[in-house]
Amino acid sequence: MGGMRAVETPEALPSPDLLAERLLPWFDAYNRTELPWRRPGTTAWGVLVSEVMSQQTQVARVAPVWEAWMARWPAPADLADAPTADVLREWGRMGYPRRALRLQECARIVATEHGGVVPSDPAELERLPGIGVYTAAAIAVFHYGGRHAVVDTNVRRVVARFGGRSDAGTATTRTDLADAESLLPPDAPTAARVSLALMELGALVCTARKPECGACPVSDACGFSGQEVPAGPSRKRQKYKGTNRHVRGEVMALLREAEGPVGRDRIDAVWPDARMLDEAVSQLIAEGLIGTDEAGRFELPSQ
DNA sequence: GAACCGTGGAT
DNA sequence: TATCCAAGGTT
């Protein structure tokens, strides 16, 4: 930032009225294929499960897992009683398996402390493990019909571009939430559709790398319309290959696919660096993602 | 605030 | 083939 340069005036965001008037007809026309958890009759628990599964995993990959999961464990009490090994295997290759552990913790808390009823208040939802600001709002809005801003990565990007920036910052800020809130109409059901439509706009049109401003229903009210996204990563990217996460992933994959407990020799075969492997295995044990039997062999945790 | 936590689809 | 990044959350 040049110290002497005049501070750029932030672009004004679209008014709630204009946004709803443009966005909702577009949403009705271009909505993606129905996601299974949007079917009428989906329970609050089903919505919660879908949102946790969708944290950093594409919804297209989530859908089949969600179907099998909900058929097997329809209610919190069902998941609460399941062997954790089964839970981790059903989670499969969606990534970040700690989410599966936290989801089972959620199930146990909802079953025992909330009488099996998923809370509807975002602050209450945020007390549950693995439920942050976005997921709490999503459940409160998309299932319970509350009026709250639902700010995921798509909404943050869309709002940033409305304001003339190419992308949002690295972390969700109060400003992001306030900006998204300022876009919502007063009517809760309409606000919910606007939030969903903003997410969809970000996923289909106002994409990270190549926004299609020509296909955007709000382009004339957008401060970034027609501009190119600067080349290169918009934020710092994490490596995966060769890192601790990679090792953890290999160990978890081995144990998910194994028939029974596996010996140290088979663990050692998944990674050449013994130090890295020891560290990863220790972490996984400490986090409850794997366990050991009485013979010292490794397996997914029974509970 | 920054680093960390998996895996695969899209380009 | 390599890189980007995805309905984020926690530490």
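All values below were derived from every heavy atom in this structure, side-chain atoms included, with hydrogens, water molecules and symmetry-related copies excluded. Chain letters run A, B, ... following the sequence lines, proteins first, then strands; residues in each count from 1.
The phosphate of C:dC5 has OP1 or OP2 within less than 4.0 Å of a side-chain N or O from A:R237. Between A:T57 and the phosphate of B:dG8, there is no side-chain N or O to OP1/OP2 separation shorter than 4.0 Å. Between A:Q56 and C:dG8 there is a side-chain N or O to OP1 or OP2 distance below 4.0 Å. For the OP1/OP2 pair of C:dA6 and a distance below 4.0 Å, the side-chain nitrogens and oxygens of A:R157 include at least one atom meeting the criterion. An OP1 or OP2 oxygen of B:dA2 is reached within less than 4.0 angstrom by a side-chain nitrogen or oxygen of A:T170. One finds no side-chain N or O of A:N154 lying less than 4.0 angstrom from the OP1 or OP2 phosphate oxygen of C:dA6. For A:T135 and C:dG8, the shortest distance from a side-chain N or O to OP1 or OP2 is not below 4.0 Å. Contact annotation: A:Y240 side-chain N/O to B:dT7 OP1/OP2 distance is under 4.0 Å. For B:dG8, the OP1/OP2 oxygens have a side-chain nitrogen or oxygen of A:R93 closer than 4.0 Å. Side-chain nitrogen and oxygen atoms of A:R256 include at least one within less than 4.0 Å of the OP1 or OP2 phosphate oxygen of B:dT7. Between A:R61 and the phosphate of C:dA6, there is no side-chain N or O to OP1/OP2 separation shorter than 4.0 Å.
Whole-Å rounding puts the A:E257 CD to B:dG6 P distance at 16 Å. One interatomic measurement links the two molecules: CH2 of A:W66 to C1' of C:dA7, which rounds to 15 Å at whole-angstrom precision. Note: CZ (A:R102) to P (C:dG9) measures 11 Å, nearest angstrom. The distance between atom CD of A:Q58 and atom C1' of C:dC5, rounded to the nearest whole Å, is 8 Å. Regarding A:K241, its NZ atom lies at a distance of 6 Å from the P atom of C:dA2, rounded to whole Å. Remark: C1' of C:dT10 and CG of A:L125 are 17 Å apart, rounded to the nearest angstrom. Put simply, CD on A:Q283 is 18 Å from P on C:dT10, counting in whole angstrom units. Whole-Å rounding puts the A:L48 CG to C:dA7 P distance at 18 Å.
Checked against C:dA7, C:dG8, B:dG6, the side chain of A:E200 finds its nearest nucleotide in C:dA7. The A:R99 side chain lies nearest to B:dG6 when the options are C:dA7, B:dG6, C:dT10.
Across the interface with DNA chain B, nearest-nucleotide mapping of A:H246 and A:Q238 shows A:Q238 to be the residue nearer the 5′ end. When each of A:K236 and A:G95 is assigned the nucleotide of DNA chain B bearing its nearest heavy atom, the one mapping closer to the 5' terminus is A:K236. Nearest-nucleotide assignment on DNA chain C puts the 5′-proximal partner with A:S54, out of A:S54 and A:G130.
Salt bridge status for A:D121 with A:R127: absent, with no side-chain N to carboxylate O gap under 4.0 Å. Classification of A:R108 and A:E105 as a salt-bridged pair fails, no side-chain N sitting under 4.0 Å from a carboxylate O. A salt bridge does not link A:E259 with A:R266: every distance from a Lys NZ or Arg NE/NH1/NH2 to an Asp or Glu carboxylate oxygen is 4.0 Å or more. Using a cut-off of 4.0 Å between Lys/Arg side-chain N and Asp/Glu carboxylate O, A:R93 and A:E257 are scored as salt-bridged.
If you check distances only, the side chain of A:R245 never reaches the base of B:dC5 with a donor-acceptor pair under 3.5 Å. Side-chain N/O atoms of A:R98 and base N/O atoms of C:dT10 include no donor-acceptor pair closer than 3.5 Å.
A donor-acceptor pair is defined here as one N or O able to donate and one able to accept, closer than 3.5 Å; no such pair exists between the side chain of A:R256 and the backbone of A:W91.
No side-chain N or O of A:Q56 forms a donor-acceptor pair with one of A:R99 less than 3.5 Å apart.
No engagement by A:A138 is indicated, since no non-hydrogen atom pair under 4.0 Å with the nucleic acid exists. Within the nucleic acid shown, A:W91 has no heavy atom closer than 4.0 Å to any nucleic acid atom. Residue-level contact check: A:R209 touches the bases, meaning some heavy atom is under 4.0 Å from a base atom. Among the atoms of the strands shown, none is found under 4.0 Å from any heavy atom of A:V62.
Comparing the same atom, P, in B:dG8 and in C:dG9 gives a spacing of 22 Å after rounding to whole Å. Taking atom C1' in both C:dA7 and B:dA3, one finds a spacing of 22 Å when rounded to whole Å.
Note on A:M94: it does not cluster hydrophobically with A:Y96, by side-chain heavy-atom contacts below 4.5 Å among ILVMFWY residues.
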